[in-house]
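Here is the structure we will look at, set down as structure tokens.
Letters A, B, ... are given to chains in the order of the sequence lines, protein chains preceding strands, and every chain is numbered from 1.
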Number of protein chains: 2
Amino acid sequence: MPRKKADSKRRSGCPLNASVEILGDRWSLLIIRDMMLRGFRTYKEFLGSYEGIATNILADRLRKLIAHGIITTEKNPLDGRKVIYSLTPKGIDLAPVLTEMVLWAAAHEDTANQALVHEMRKDKEKFTSAIRQRWAETARAPKRFRSLRSQRLRDVDARRARRGQH
Amino acid sequence: MPRKKADSKRRSGCPLNASVEILGDRWSLLIIRDMMLRGFRTYKEFLGSYEGIATNILADRLRKLIAHGIITTEKNPLDGRKVIYSLTPKGIDLAPVLTEMVLWAAAHEDTANQALVHEMRKDKEKFTSAIRQRWAETARAPKRFRSLRSQRLRDVDARRARRGQH
DNA sequence: CAATCTTACTTGCAAAATACAAGTTAAAAT
DNA sequence: ATTTTAACTTGTATTTTGCAAGTAAGATTG
């Protein structure tokens, strides 16, 4: 079974064209950014992101990212409503692409988040390997239990806080 | 006069969002690839590129790339019909972005052009600085005369060849 | 345990972007 | 003087996007 498969409808075999066909829209990379940098894992979190993606577009993009093997889903066993989205190795490999796009815009456009940019610029390698590190700790199977447990604790806290506000 | 200017309509200040709003479509980066890697400079060359961009879309993308300061135009003084498109420093700074996108797709998708990919993978820095080098030689003002002269000679050759075919 | 929330979606429709075909205009070549 | 070429523009159909309003399954609350 081949791990790579040619998309028969592709306009050309150029690797840049492949990237552009998969990632070349106004939302896909922002979703990946939210997963990679902000640790977002649920539909609701993506919906709440600052840029304000529409719910139908979000559903469509998630579907496409899954189809391209960039993310995967699993159910949260502690709350059957929640779907947990995770980056695959292919997805986490987009870290250098994101990094270069951030650095380019930071150099040539008027943008915010200079702290992030400085960290990236200081040592790209270090930055992307730190991303990988966190991903390996939270998203991969071996340590899943810890991850789910801390998620559950956070949920309990959130509920308690909400009650407190009413 | 500030070299960077905030786009008031931007969805967020995140640098990745800026990149995605400027470059996030199916054609812009392909045009930049053709300029950077294939040395394309004219409308007709872009139109003839393998992926087959539609003429109205091409005109629109070129206009937007100019508006964003990524490319510039000048008239070819030897042929008043021709417009010469060039990458600006901001445009050539996209080389690392292109490189990472190519390497990502080459690693995870079924793509062609393995020679290019190997060269990129062997030494990214070397590759992007070679791109810069060529750009500095052909696109910048100081050596323009040589560039235009060789263009004229190529035109003459092309005409001679066409006549030969009839 | 019935009513109410939450979460992750889907559906319908208007507006915008894209693609395709067919012009148009200015300059160059014949 | 006529034809060709280069760089576009102008319709128009199709596709994609965005917005508002559902819906269904599961969890929480009184």
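The NZ atom of Lys82(B) sits 18 Å away from the C1' atom of dT25(C) (whole-angstrom rounding). We find that CG of Leu62(A) is positioned 10 Å from P of dA8(C), with the value rounded to whole Å. To the nearest angstrom, P of dT14(D) lies 20 Å from CZ of Arg26(B). In this entry the distance linking CG of Leu58(B) with P of dT9(D) reads 10 Å, nearest Å. In this structure, the CG atom of Leu78(B) is 10 Å from the P atom of dA29(C), given to the nearest Å. Distance, Ile53(B) CD1 to dA7(D) P: 14 Å, rounded to whole Å. Rounded to an integer number of Å, the gap from CG of Leu47(B) to P of dC20(C) is 13 Å. In this structure, CG of Asn76(B) is placed 13 Å from C1' of dA7(D), rounded to the nearest angstrom.
The Ala54(A) side chain lies nearest to dC19(D) when the options are dC19(D), dC9(C), dC20(C). For Val83(B), whose side chain is taken as the heavy atoms from C-beta onward, the closest listed nucleotide among dC8(D), dA28(C), dC19(D) is dC8(D). Comparing dT18(C), dA21(D), dT17(D) against the side chain of Asp25(B) picks out dT18(C) as the nearest. For Arg81(B), the listed nucleotide lying nearest its side chain is dA6(D); candidates were dA6(D), dT7(C), dT10(C). Nearest nucleotide to the side chain of Ile57(B), out of dC9(C), dA19(C), dG18(D): dA19(C). Listed candidates were dC8(D), dC19(D), dC9(C). Nearest to the side chain of Tyr43(A) is dC9(C).
Judged by distance alone with a 3.5 Å cut-off, a donor-acceptor contact links the side chain of Asn56(A) to the base of dC19(D).
Of the two residues near DNA chain D, Trp27(A) and Arg63(B), the one whose nearest nucleotide lies more 5' is Arg63(B). The 5' end of DNA chain D is approached more closely, in terms of each residue's nearest nucleotide, by Arg61(A) than by the other of Arg61(A) and Lys75(A).
Here Glu119(A) does not pair with Lys126(A) in a salt bridge; the nearest charged N to carboxylate O distance is not below 4.0 Å.
Here the rule is side chain to side chain contact (heavy atoms under 4.5 Å, CB included) with Asp34(A), and of Tyr50(A), Phe40(A), Tyr85(A) only Phe40(A) fits it.
At least one cation-pi condition fails for Arg33(B) and Trp27(B): the charged atom is not both under 6.0 angstrom from the six-membered ring centre and inside a 45 degree cone around its axis.
Within 4.0 Å (heavy atoms only), Phe46(A) reaches no atom of the nucleic acid at all. Note on Asp60(B): nothing from the nucleic acid sits closer than 4.0 angstrom, heavy atoms only.
Distances shorter than 4.0 Å separate none of the side-chain N or O atoms of Lys44(A) from OP1 or OP2 on dA8(C).
Residues Val20(A) and Asp25(B) fail the side-chain proximity criterion, which asks for heavy atoms closer than 4.5 Å.
No donor-acceptor pair closer than 3.5 Å links the side chain of Tyr43(A) to the backbone N or O of Leu62(A).
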